[in-house]
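In what follows, chains are A, B, ... by sequence order, proteins preceding strands, each numbered from 1. Source: prediction; values computed, not measured.
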There are 2 protein chains.
Amino acid sequence: MGNGAQNYHHGDLRSALIEVATSRLAAHGVDSLSLRKLAEDAGVSRTAPYHHFKDKSALLSAIAAKGFSDWHATAKRIFEQTSKSPRARFREFVHEYVGYAAKHPEMYELMFGRTIWQNQAATPDLKEVAFPCFQFQVTMTRYWQEHGLLPNDKAALRLAQVTWGTLHGIARLLIDGIYADSSHIDEMCDCAADLFMQPR
Amino acid sequence: MGNGAQNYHHGDLRSALIEVATSRLAAHGVDSLSLRKLAEDAGVSRTAPYHHFKDKSALLSAIAAKGFSDWHATAKRIFEQTSKSPRARFREFVHEYVGYAAKHPEMYELMFGRTIWQNQAATPDLKEVAFPCFQFQVTMTRYWQEHGLLPNDKAALRLAQVTWGTLHGIARLLIDGIYADSSHIDEMCDCAADLFMQPR
DNA sequence: AAGGCTATGTTGACACTGTCAAGATAAAAC
DNA sequence: GTTTTATCTTGACAGTGTCAACATAGCCTT
């Protein structure tokens with residue numbers, strides 16, 4: 001079976017679908033993702049995807065899962081730059097988070113939008129990747145608390161929820177284009193970072 | 001023309017559509033809003049709505065506009081309770097904001113979701129209502145700065161964006177059910193309020 | 001090696017969706 | 001009373017997700 005030949009059996013349709021979906025997502029947005037178009041892009045018929053994904057939501061979840069593991073890696077990389085001070089890393093993290101959202105708006109929309117999360121529609125696979133991602137936020141928060149960067153009199157979990165909420169909110173306001181001009185991204189990030197960081 | 005009769009001309013289809021849409025929104029969610037169903041609910045044929053709204057997005061915008069003016073009134077009411085201290089009002093505002101989102105998740109989703117805002121799809125009517133709503137947030141922020149409640153060394157606009165971002169983020173995490181249990185709403189709100197308010 | 005099982009792919013069909021075009025009706029304007 | 005205009009109608013089209021029934025081909029067992 002040649003890799004690109006028009007065989008009856010595709011070979012690895014699952015991966016192929018995720019691939020074409022990811023590129024289409026970045027190019028034309030989450031709303032343009034239709035199973036039928038994706039199937040066509042992958043060179044198979046409309047209903048072939050159903051042998052690899054329970055339904056459309058499951059396919060989207062699979063794409064989002066990849067986004068989460070990517071972001072998780074990025075966050076880890078920033079956090080583990082021991083050469084930089086905790087304060088510098090915190091600030092960088094804030095910028096990087098919002099920057100990621102601004103740079104990959106469609107992926108971010110998919111990852112954190114209601115499409116795949118509402119009605120407990122999230123796939124176990126997705127939860128398995130997304131949950132550690134938030135857990136890491138708690139870990140970082142605890143670290144920043146220990147280094148006197150965030151207030152120590154609050155539960156790390158609570159604090160992590162609020163800080164993430166802030167980043168998430170800024171990201172959404174930018175993505176949805178509600179009012180925040182993207183040219184002000186950096187200023188907003190610095191403002192948020194300053195607000196959270198305790199005076200040293 | 002009797003008000004409820006099956007006349008050829010409905011009388012006030014525009015209002016009727018918004019009404020049935022609003023109730024259907026609260027009951028079955030934003031995704032269940034289809035022009036055809038709404039038309040049927042209103043007792044007219046599929047394409048009748050097009051004589052009152054440019055397209056589906058315009059109808060949704062009209063509903064959201066009502067939500068914005070409602071929220072604007074609520075915010076005003078809280079802010080103008082001169083009997084309470086600024087700090088108390090700030091805290092109440094935070095709780096009320098997230099509470100509104102948790103109580104009317106579908107309306108909130110519509111108001112702040114990407115559906116009506118993406119691609120500059122927002123109707124002038126909508127902007128006309130939504131913009132003062134954010135403007136008011138800036139006004140409040142400035143007031144809180146003057147009363148030493150929020151840091152004075154930051155631009156009110158920037159600060160307003162960040163605080164709103166936080167509330168928005170918390171609301172979204174709750175609505176999307178990503179991880180925040182709704183039983184922790186109050187704790188999260190207090191945590192956020194404490195973080196922002198300068199020690200007196 | 002022969003036969004059957006199973007994973008994977010196919011076409012056909014159904015009930016939806018938003019939206020346009022063309023015609024019907026009633027109210028309002030002249 | 002006639003014409004214009006706003007409103008509502010049916011018909012049609014291109015999409016959508018998803019199910020059912022059928023086809024193919026590779027794998028497993030005997």
Specify the separation, in whole Å, of atom NE2 of A:His52 and atom C1' of C:dT8. 6 Å
Degree of bending in the helix from C:dA1-D:dT30 to C:dC30-D:dG1 once both end axes are built from five pairs, to 10°: 10°
For the pair made of CZ in A:Phe53 and C1' in D:dT18, what is the distance, rounded to whole Å? 16 Å
Do A:His168 and B:Leu173 come within less than 4.5 Å of each other through their side chains, counting heavy atoms only? yes
Of all residues at least two apart in sequence or in a different chain, which pass the side-chain contact (heavy atoms from CB on, under 4.5 Å) check with B:Asp41? B:Val20, B:Arg24
Counting side-chain heavy atoms from CB outward, which of C:dG9, C:dT11, D:dC8 is closest to A:Leu13? C:dG9
Whole Å only: how far is the CG atom of B:Asp55 from the P atom of C:dC20? 8 Å
C:dG9 C1' sits how many Å from A:Arg14 CZ, rounded? 17 Å
Between D:dT18, C:dT19, D:dT9, which nucleotide has the shortest distance from any of its atoms to the side chain of B:Ala48? D:dT9
Could you check how far CG of A:Leu60 sits from P of D:dG17, rounded to whole Å? 9 Å
Is A:His51 close enough to C:dT6 that one of its side-chain N or O atoms is under 4.0 Å from OP1 or OP2 there? no
From CG of A:Leu17 over to C1' of C:dT8, roughly how many Å is that when rounded to an integer? 12 Å
B:Glu106/A:Arg114 ion pair, N-O < 4.0 Å: yes
Take the protein atom CG of A:Leu59 and the nucleotide atom C1' of D:dT18, then report the distance between them rounded to whole Å. 14 Å
Polar atom pairs (N or O), protein with nucleotides 12-16 of chain D, under 3.5 Å:
residue, atom, partner, partner atom, Å
D:dT16, OP1, A:Ser34, OG, 3.0

Assess the pair B:Phe90 and B:Phe196: is the distance between their ring centroids shorter than 6.0 Å? no
Taking atom P of D:dA6 as reference, at what distance in whole Å does atom OH of B:Tyr50 sit? 20 Å
I want to check something: taking the side chain as every heavy atom from C-beta on, are A:Ser15 and A:Asp12 in contact at a cut-off of under 4.5 Å? yes
Near-ring test A:Trp117/A:Phe112, centroid separation under 6.0 angstrom: no
Any salt bridge between B:Arg158 and A:Asp190, counting N to O under 4.0 Å? no
Step by step, work out the side chain to side chain donor-acceptor pair (under 3.5 Å) result for B:Asn152 and B:Gln198. CA-CA 10 Å; B:Asn152 226 328; B:Gln198 302 293 98; over 6 Å; no
Between B:Glu109 and B:Arg172, does at least one N-O distance fall below 4.0 Å, as a salt bridge requires? yes
